[in-house]
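Working notes, structure below.
None of these values were measured; they are calculated from a predicted model.
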Amino acid sequence: MNIKFYNTLSRQKEIFKPIKSGEVSIYTCGPTVYSRSHIGNFRTFLFEDILKRVLLAVGYRVKHVMNITDVDDKTINKANNENKTLAEITSKYTAEFMEDVATLKILPADELPVATDHIQEMISMISALIKKGNAYSTDDGSVFFSIESYKDYGKLAHLNLKGLKQTDRVAADEYTKDHPQDFALWKAWKEEDGDVSWNSPWGKGRPGWHMECSAMSTKYLGNHLDIHCGGVDNIFPHHENEIAQSCAALDSEFVNIWMHSEHLIMTDEKMSKSLGNIKTIPELLADGHSAESLRFALISSHYRSKLAFSNNKLDEAKKSVHRINELYQKLTEIADSGKSLPDEYDLFIEILADDLNTPKALGVLFNYVRDLNRKIDNVQLSKKEAAMGLFFLNKADEILSILKKQDDIPEIIAQLVEKRETARKEKNWQLSDDLREEIKEKGWIVEDLHDGTKCYPL
RNA sequence: GGCGUCGUACCCAAGUGGUCUAAGGGAGCAGUUUGCAAAACUGUCAUUCAUCGGUUCGAAUCCGAUCGACGCCUCCA
């Protein structure tokens, strides 16, 4: 099967060919651990999760590396503001990040290297760049990459140097640079950095932001890798600068396919910390949304489109997740142990293999759900077909991970349900309805089937 | 100033030259079922794809203009 991915570099879909047959190397830009990641950040991490799961589903071995940025302006500021050490801040938020990753059932990366463990690798790379004439040090002990020394600069973001606007931010930069757009590889120590510094051939300082990704991707995945991902905002400057650094330092091809996810927006605004309209995973869980609903909401639009995130969207996701889980439960009761797959599975995979078209794949899934429900209603579904359906849902779920697989019903609820059953048998409708209400108040829904009842969390 | 994206039903959202009188989900309405509900099922719900032109035998899909929303141009996923 041909797998196609949209490559930011070429601005078109390309047929995916791994460098090494049967194996895919992926580097994804991870969090900067200075605060809890929000749902917008997780849109990107979930897109990467789907990417990985699709590659695994079609039989590739996947080597995935995600960096943790644990030293930069934001982490240092945070530590200063809270009067804590850098390590205290970054270890706290790294732990929280990993917690959220687990909650959302995101497959963790094989390696999660942190920047501060790779200072030596970065220094070597910077030295190599200076030696080759792609970088220069300044009087204060900083090192900059000279963008004029790298002729392809701008090829990812499709920027040409002439068209660049002289923005205030660039103009206001306090460093002395040859070219205003030259970016820092090494930043000389400043007073506000406190005790955050490493020795280098250029004096005390710390690495520039982009350096860690170049150094760590090379260390863990080699000079040349298959796929590199991140949010669209990373295209420029981060990924553009990575390309310049890596290609210049290594004299090698760097990344074959660059994939970027669009932003999640709330009420037509980008979710951002400065606007104060962010939601974290624990907050959303506290609002009563399940991990499955969150996953569903995040994959219900294509990763390259802006995602309109709203309460309405979450409510819809919850119902959709329930619909699929409901069928799953029914199938469990009917199915024999068969292990064959319906044609819809191939279609499902094929659609996902076409640049991860999750909304379209969900369409296929729902069509199938309706077909099976119809057969169940008409008592036409054979045990064999049910087993097929069950196997399909399980296989699809290896990618989507939206099945809840039976929640445990608390003892109190189970007792109330039983009590209600007795009342119903005695045709005591008043008591039965009251009990249903009571169960609902405790957060569970009871539904009466033709034979018995069903109970699930609200 | 430069580069780029998007505008599909009440809402979300696929479709990127013919199978489109446009998938799927949610909401609504009507019905089957049910002690009543819920769930499920059935029917209904865009002859039309921001607007106006053009190319084509054929366009939501290509081109141009207009209107509207948005992103990037040094540290935000």
Side-chain angles (χ1 to χ4, degrees), chain A residues 11 13 28-32 37-48 69 72-74 147 154 157-167 169-170 173 177 180-184 187 208-210 229-238 240-241 260-265 268-274 296-297 300-302 304-310 312-313 315-320 322-324 326-327 330 351 357-367 369-370 372-378 424 427-430 432-433 436-437 440 445-450 453-454 456:
Chain A
R11 302 273 163 115
K13 278 192 213 172
T28 61
C29 282
T32 300
S37 298
H38 55 69
I39 188 73
N41 300 125
F42 278 103
R43 190 214 183 170
T44 296
F45 300 134
L46 194 56
F47 136 69
E48 292 156 354
T69 300
D72 78 323
D73 292 353
K74 295 190 295 282
I147 60 169
H158 294 237
L159 294 174
N160 58 45
L161 296 179
K162 287 188 210 111
L164 291 182
K165 192 182 179 181
Q166 194 65 285
T167 62
R169 272 187 289 189
V170 176
D173 202 315
K177 298 186 282 191
Q181 256 85 26
D182 286 352
F183 58 91
K187 292 178 157 188
W209 172 37
H210 318 294
C229 309
V232 281
D233 51 299
N234 277 331
I235 296 172
F236 194 88
H238 187 50
E240 190 68 59
N241 291 352
H260 297 95
S261 64
E262 250 299 344
H263 282 140
L264 173 155
I265 52 172
D268 286 348
E269 280 175 317
K270 173 173 148 183
M271 178 182 287
S272 74
K273 289 180 177 117
S274 54
F296 189 96
S300 64
S301 58
H302 188 85
R304 284 192 287 114
S305 301
K306 286 186 180 63
L307 175 98
F309 195 75
S310 62
N312 189 33
K313 182 119 194 155
D315 290 342
E316 286 175 17
K318 182 184 218 168
K319 284 173 193 158
S320 299
H322 182 245
R323 187 169 159 78
I324 293 167
E326 180 104 341
L327 175 67
K330 285 188 213 165
I351 287 168
N357 196 337
T358 47
K360 195 174 180 181
L362 289 172
V364 171
L365 195 60
F366 278 114
N367 278 330
V369 167
R370 196 185 53 242
L372 288 203
N373 272 327
R374 186 187 301 136
K375 285 186 179 165
I376 291 172
D377 272 19
N378 297 335
R424 287 187 70 230
K427 296 199 190 298
N428 186 346
W429 307 129
Q430 185 58 50
S432 148
D433 289 354
R436 182 164 59 201
E437 197 50 37
K440 195 176 175 185
I445 294 280
V446 225
E447 283 172 12
D448 300 326
L449 309 174
H450 292 287
T453 63
K454 224 168 82 38
Y456 60 88

With a 4.0 Å cut-off, would you call A/D315 and A/K318 a salt bridge? no
Could you tell me whether [X] contacts a base, only the sugar-phosphate backbone, or nothing, with contacts defined as non-hydrogen atoms closer than 4.0 Å?
X      : value
A/K306 : sugar-phosphate
A/N373 : sugar-phosphate
A/E447 : base
A/F183 : base
A/S301 : sugar-phosphate
A/K427 : nothing
A/H158 : sugar-phosphate
A/S310 : nothing

So, using salt bridge (charged side-chain N to carboxylate O under 4.0 Å, His left out) as the criterion, who are the partners of A/K319 when residues are at least two apart? none
Examine [N]: is either OP1 or OP2 under 4.0 Å from a nitrogen or oxygen in the side chain of [X]? Give yes or no.
X      : N     : value
A/R323 : B/C41 : yes
A/N41  : B/A77 : yes
A/R436 : B/A37 : no
A/N367 : B/G25 : no
A/K319 : B/A27 : yes
A/T28  : B/A77 : no

To the nearest Å, give me how far apart [atom1] ([X]) and [atom2] ([N]) are.
X      : N     : atom1 : atom2 : value
A/F42  : B/C76 : CZ    : P     : 18 Å
A/I376 : B/A40 : CD1   : P     : 11 Å
A/R304 : B/U5  : CZ    : C1'   : 11 Å
A/K313 : B/C10 : NZ    : P     : 18 Å
A/K440 : B/A39 : NZ    : P     : 10 Å
A/H263 : B/G71 : NE2   : C1'   : 9 Å
A/K360 : B/U16 : NZ    : C1'   : 11 Å
A/D448 : B/U33 : CG    : C1'   : 13 Å

Any N or O donor-acceptor pair linking the side chain of [X] to the base of [N] at under 3.5 Å?
X      : N     : value
A/R11  : B/C3  : no
A/S300 : B/G25 : no
A/N378 : B/C41 : no
A/D315 : B/G26 : no

Need to verify one output field. Residue with the more 5' nearest nucleotide on RNA chain B, A/N312 or A/V446? A/N312
Whichever of A/H302 and A/D377 has the more 5' nearest nucleotide on RNA chain B, that residue is A/H302
Smallest separation among heavy atoms of A/K313 and A/A308, with atom names: CD-O, 3.1 Å
Please determine whether side chain to side chain contact (heavy atoms under 4.5 Å, CB included) holds for the pair A/E262 and A/H302, giving the CA-CA distance in whole Å, both sets of side-chain angles, and the decisive distance to 0.1 Å. CA-CA 9 Å; A/E262 250 299 344; A/H302 188 85; over 6 Å; no
Closest of B/A14, B/U42, B/A38 to the A/R374 side chain is B/U42
Taking the side chain of A/A308 as its heavy atoms from C-beta onward, which of B/A40, B/A13, B/C73 lies nearest to it? B/A13
Determine whether a donor-acceptor pair (N or O, by modelled atom type, separation under 3.5 Å) exists between the side chain of A/N41 and the backbone of A/H38. yes
Applying the 5.5 Å / 30° rule, does A/W429 stack onto the base of B/G35? yes
Whether A/H238 and A/W209 hold their rings parallel, tilted or perpendicular, with breakpoints at 30° and 60°: parallel
Hey, what's the ring geometry for A/Y456 with A/H322, parallel, tilted or perpendicular (30° and 60° as the breaks)? tilted
Please determine whether side chain to side chain contact (heavy atoms under 4.5 Å, CB included) holds for the pair A/I147 and A/E240, giving the CA-CA distance in whole Å, both sets of side-chain angles, and the decisive distance to 0.1 Å. CA-CA 10 Å; A/I147 60 169; A/E240 190 68 59; over 6 Å; no
Base-paired stretches in RNA chain B with three or more consecutive Watson-Crick or G-U pairs, both distances under 3.5 Å, amount to B:1-7 with B:67-73, B:10-12 with B:24-26, B:28-32 with B:40-44, B:50-54 with B:62-66
Walk me through it: do A/D377 and A/R374 pass the test salt bridge (charged side-chain N to carboxylate O under 4.0 Å, His left out)? CA-CA 5 Å; A/D377 272 19; A/R374 186 187 301 136; over 6 Å; no
